[in-house]
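Everything below concerns the one structure shown next.
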Amino acid sequence: MSRYDPTIIEPKWQAIWDAAGTFTAVRDLSRPKYYVLEMFPYPSGRIHMGHVRNYTMGDVVARYKMAQGFSVLHPMGWDAFGMPAENAAMERGGHPKDWTYANIADMRAQMKPLGLSIDWSREFATCDPEYYGQQQSMFIDMMAAGLVYRKAAVVNWDPVDMTVLANEQVIDGKGWRSNAPVERRELTQWFFKISDYSAELLSALDGLTNWPEKVRLMQANWIGKSRGLQFAFTTTGAPDGFDRLDVYTTRPDTLLGASFAAISPDHPLAKHLERHDPAVAAFLVECRKGGTTAEAMETAEKIGMDTGIRVLHPFDNAVELPVYIANFVLMDYGTGAIFGCPAHDQRDFDFATKYGLPIPAVFVAEGAEDAALTEAYVPMKSERVHFMRGFAGAEFQTGEAAITAAIAHCESIGVGRGVTNYRLRDWGISRQRYWGCPIPVIHCDTCGVVPEAKENLPVRLPDDVTFDIPGNPLDRHPTWRNCTCPKCGAGARRETDTMDTFVDSSWYYARFTAPHATTPTVAEDAAYWMNVDQYIGGVEHAILHLLYSRFFARAMNKTGHLPASAIEPFNALFTQGMVTHGIYRSVTTKSATGPNDEAAMIITVKYHFPEEVEGVTDEGVTSFDKKEGIVGRAFLKSEVDELISVTPSLERNDAYSALRLEGTKVDVFSSAKMSKSKKNVVDPDKIIAAFGADTARWFVMSDSPPERDVEWTASGAEATHKHLSRVWALCDRIGSMPADHQGTGDADLVRASARAVHEVTQGIEGFAFNKAIAKLYEFTNTLSKANASSSAMKQAIRTLAQLMQPMTPHIAESIWAYQGGAGLCATAAWPVADPALLIADTMTLPIQINGKRRAEISVPVDMTVSEIEKLALADQDVVRFLAGQPIKKIIVVPGRIINVVV
RNA sequence: GCCCGCGUGGUGAAAUGGUAGACACAUGAGACUUAAAAUCUCCCGAUCGUAAGGUCGUGCCGGUUCAAGUCCGGCCGCGGGCACCA
């Protein structure tokens, strides 16, 4: 064997796997299947360390399962629609399609050197017409199943770019590109009826026991189940048809504290009044100002307007409450109308204070009940007041019992009924953009909205579009919109909205089971491969993508595209942490008016590339060598007095004082997610070129638990590479041993191997890759110090190669082949530890006296408790510490510890 | 405001209630070398002690237990998610 050179062995083994079709997934009914999936990437053009970590994790699982005899599906694809492609087209010309496919080619070329066990024959991009055509077909099926509808919805509208903006694209109430104030506009949009599944999506979370608790909780909160009372107020002075006003409340126990009612500006009653009352119309204009973003809502002032309409308190018709239109009442939650109880709700309190409304208290301190009620509350018939009295005090504070009783009471006197509401709203999927899946419907003057005929699918995006003017190119395309109505054959217009890209990613996992089929899925393939056994990705998708996918799987089941067993598509979910890296940051302050004018001080924060940073010591200035520049590390603070930024052109031998004048002081400022703006990105390409894929893979899996962030450090990467070189050298040494070499440590080595097999297996099974790697270090150290026969050493290092294979497949194959392993290491059966070898003959037991460790004894594993006790009490150190004190108690935990209590 | 998670050496971290700090990084000392790099060896929580060994130590305060990083209660700090949701 020569020197460890990943640039030679890595391409070699990748070519061999490729040629052998090692990772091609086959539907093999004689074997159990295992489907590993990592969240597919957006083709931005470059892979980053986060991708490396994500795909390596999946690869470890896939390779491990393959060695265990499973028929493994481990595919890769591209989440390829979306705005960045259109933005690129707008900024530098060109076509989104060309940009996207070029990026895919670049990223695939970057991913292949990682040696992932991916079945590339199943690769697809969501922008392939073969993919989005199937999506359109399912959309039509979903329309037929009543899961799709159109309605008017309020959106962020950018009047300059003439497009709808996502909330994230609205910054300080302005469009992120145009900088124009965003308007709230009501547009007719397409929706998926995800709310039909609110109850089921919530209750089924309980069954997802292999999902992180955190993700299940986040989804549960997002779905937002609440139990309350819905009832109708009787109105007075309201227009015809509005003699009742439905409200929903989760606090029926505070109903006695009602002080006003309020309706949403979008409530039918408000809209009715708007048409007849100019004052109301003016007020509604006021309400509609500002965006729909969270920030805009939070900062918006709570405003209301008295409509003059009154409602009667359901417990006492003598009490009249004013009806306000209030901008904080949402039309799409509950009934779009509320009652306000200022005494027990902060927002209602603020509102009541602002508009001078009474603040009657329902609950008062023990003993002060009568006084408080008569003083603060609008007069009410006493027997009705009485029903809540029983809940005053501690029992009441818990809420649950009081709410249940209040609902029961209200139902018994005919005031409304108990109702369950969900926060989850229907999924608006319309996007006024080009680079997305066209919504396959046609607008016909006679037939209305008609789905496109399936034989005309896919509805392809036209290629001849330009992005030189704002707006949706589909909308202004000269011919694309024109079509014939599939129903009556008359001239008609195509829908120009495209689907939210989250739709594309809501079913790709199912498509991987039959990626080239002419139907969305194929029953036998879906039945065999679904569900995804292990899904791996970032926690940032905890809600939207994972919730949409759960909905979509149900919709696909309803429309016959997935079996009922696949309505929860991901059996197990793992959310991995980010790869972070140190940041070099400088902070300068200067004042425009004078050095001491703090008010006018301007603070400038700048980030620096590692290669722009120099270390200053007494000796002068030190710099990176080339390798350090590549791997992204500069200096530890301890090595130098301070760090300064310099222009790269500055000579490194320049005088210390000169540099000091020109450079800005830089701090190594913690560690953050790699990003261009923080100038702390480490490029996987360069790491692979410098150290090899195995080093990159091993490093991102070691040290930190996979669910936590891991900091990329050059020293860590170098150390990993050194370790792999040591393993290589060890292999070389063992390989060159004489065949008849003998040693005394064979039995110990066999035990150590068994223990390594057991512990590494446990580590991988439990997603504790950092621990598995720690055990591999231990085993390597044991092996390199072992004094054993040549055959035992060879056997042990083959085992080491197998255990390393999921993490570092290339070096593992080389070792395996060199040491006479049969076939490929990747497909060799995973080693099994003989349980008998995991138990040692003797063990060391610590002895505690009153809980403090004072001695230890070595005993045979099968020694009885009474014998151990005797031995322990006879121990010299124990005798010394006891100093003749009487023993109160002695506790022997077999195999663990002895504790003597005096 | 509501919900959740996490606090262990200089650093990343281990530890079914049972020897706290496995494994690794960094630092330090040494070997080899004319020298450097590479490689190898040793030390590496704090403190007292020449040593043997002692004492303290898992954010803080208390509790349960023969035994607490781990379980319970209360604080403090950090991080994440949701938020006009009636």
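Numbers restart at 1 for each chain; the letters A, B, ... are given by sequence-line order, proteins then strands.
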Problem set entry | Residue pairs fulfilling side-chain hydrogen bond (donor to acceptor under 3.5 Å, both in side chains) with at least one residue in residues 329-343 of chain A, sequence neighbours excluded | Ser226(A)-Tyr333(A), Asp332(A)-Arg425(A)
For this session: For residues 890-901 of chain A, pull every pair meeting salt bridge (charged side-chain N to carboxylate O under 4.0 Å, His left out), keeping only residues two or more places apart or in separate chains.
Result: none
Problem set entry | Listed once per pair and sorted, the salt bridge (charged side-chain N to carboxylate O under 4.0 Å, His left out) pairs that draw on residues 208-220 of chain A, sequence neighbours left out | Glu213(A)-Arg216(A)
Exercise. Which one is paired to C82(B), where only Watson-Crick or G-U wobble pairs with both distances under 3.5 angstrom count?
Worked result: G1(B)
Exercise. Taking any strand in view, what nucleotide pairs with C23(B) in a Watson-Crick or G-U wobble way, both distances under 3.5 Å?
Worked result: G12(B)
Do any N or O atoms of the protein come closer than 3.5 Å to N or O atoms of nucleotides 53-57 of chain B, and which pairs are they?
{"residue": "U55(B)", "atom": "OP1", "partner": "Arg854(A)", "partner atom": "NH2", "Å": "3.3"}
{"residue": "U55(B)", "atom": "OP2", "partner": "Arg854(A)", "partner atom": "NH1", "Å": "3.3"}
{"residue": "C56(B)", "atom": "OP2", "partner": "Lys852(A)", "partner atom": "NZ", "Å": "2.9"}

Problem set entry | Members of residues 778-786 of chain A that approach RNA chain B, where some heavy atom sits under 4.0 Å away | Glu778(A), Asn781(A)
With sequence neighbours excluded, tell me which residues meet ring pair (Phe, Tyr, Trp, His ring centres under 6.0 Å) with [X].
{"X": "Phe231(A)", "value": "Phe233(A)"}
{"X": "Phe881(A)", "value": "none"}
{"X": "His267(A)", "value": "none"}
{"X": "Tyr4(A)", "value": "His721(A), Trp728(A)"}

List, with names and distances, any nitrogen or oxygen atoms from the protein found under 3.5 Å away from nitrogen or oxygen atoms belonging to nucleotides 6-14 of chain B.
{"residue": "G12(B)", "atom": "O2'", "partner": "Ser704(A)", "partner atom": "OG", "Å": "2.9"}
{"residue": "G12(B)", "atom": "N2", "partner": "Asp703(A)", "partner atom": "OD1", "Å": "3.1"}
{"residue": "A14(B)", "atom": "OP1", "partner": "Asn770(A)", "partner atom": "ND2", "Å": "3.2"}

For this session: Output all residues satisfying side-chain contact (heavy atoms from CB on, under 4.5 Å) with Ala840(A), sequence neighbours left out; order by chain, then residue number.
Result: none
Problem set entry | Tyr248(A) side chain near A86(B) phosphate (N/O to OP1/OP2, under 4.0 Å) | no
Using a cutoff of under 3.5 Å, can you pull out all pairs of nitrogen or oxygen atoms linking the protein to nucleotides 61-66 of chain B, with atom names and distances?
{"residue": "C66(B)", "atom": "O2'", "partner": "Asn899(A)", "partner atom": "ND2", "Å": "3.2"}
{"residue": "C66(B)", "atom": "O2", "partner": "Asn899(A)", "partner atom": "ND2", "Å": "2.7"}

